[in-house]
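Residues take their numbers from the sequence shown, with the count starting at 1. Below, each value reflects all heavy atoms present in this structure, side chains not excepted, and no hydrogens, waters or symmetry copies.
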Amino acid sequence: MAHYIDPTKTGFQAFKELARDEPIEMLNLLLFREKAEYPEGHEHAGKGWSGRRAYEEYGKTSGPIFRRVGGSIVWRGTFQAMVTGPESREWHDGFVARYPNSAAFFEMIKDPEYQLAVANRTAALIDSRLIRFKPGTAGEGFG
């Protein structure tokens, strides 16, 4: 099974071609490494952190930037069971991040401090998904 940590060139290009002036919601699915894998020489290398602990560090260091660009978490959960989909795939955590628009997302990922924080995310994850949605209307039914 393929593993994904960073956007693919094709996926990121598709993201950039979508409307930039409307709110977006990003579904994040996370599968943590048992032990974080930092490059040699990184300040956290050799600390013996779990992947989950490294991701907590990512949240701590990227959070102020995420909030500064207007981002918020609108849903967060912990995986329990795969009801529809490959039984071999499990996720540890998931969340939906809302941005006022894709320009805010671009501002975040271009921030030099955010780029430093990403090392924690990379060390933490064995696999992930990042899926963009245009927010819809909540309601009583499925349609």
(request) Using the six-membered ring wherever Trp is involved, compare the ring planes of His42 and His44 and label them parallel, tilted or perpendicular (cut-offs 30° and 60°). (result) tilted

(message) Angle between ring planes, His92 versus Phe32, binned at 30° and 60°: parallel, tilted or perpendicular?
(response) parallel

Just so I know, are the side chains of [X] and [Y] near enough to count as touching, which here means a heavy-atom distance under 4.5 Å?
X      : Y      : value
Phe133 : Ile24  : no
Leu31  : Phe79  : no
Asp127 : Arg89  : yes
Phe15  : Met26  : yes
Asp6   : Phe12  : no
Ser102 : Arg132 : yes

(message) Rounded to the nearest 0.5 Å, what separates atom CZ in Arg53 from atom CD in Glu57?
(response) 4.5 Å

[X] side-chain N/O to [Y] backbone N/O, donor-acceptor pair under 3.5 Å:
X      : Y      : answer
Arg33  : Leu125 : yes
Asn28  : Leu130 : no
Gln115 : Ile109 : yes
Ser128 : Leu29  : no
Arg121 : Ile5   : yes

(request) Just do the ring-ring contact (aromatic ring centres under 6.0 Å, His included) check on Phe106 and Tyr99 with the steps written out, would you? (result) CA-CA 10 Å; Phe106 289 123; Tyr99 297 86; 10.0 Å; no

(request) Over all heavy atoms of both residues, which pair between Pro39 and Ala45 is shortest? Give the atoms and the distance, please. (result) O-CB, 3.6 Å

(request) Before giving the answer on salt bridge (Lys or Arg N to Asp or Glu O under 4.0 Å), spell out for Glu56 and Lys60 the whole-Å C-alpha distance, their side-chain angles and the decisive distance to 0.1 Å. (result) CA-CA 6 Å; Glu56 289 170 2; Lys60 185 174 92 175; over 6 Å; no

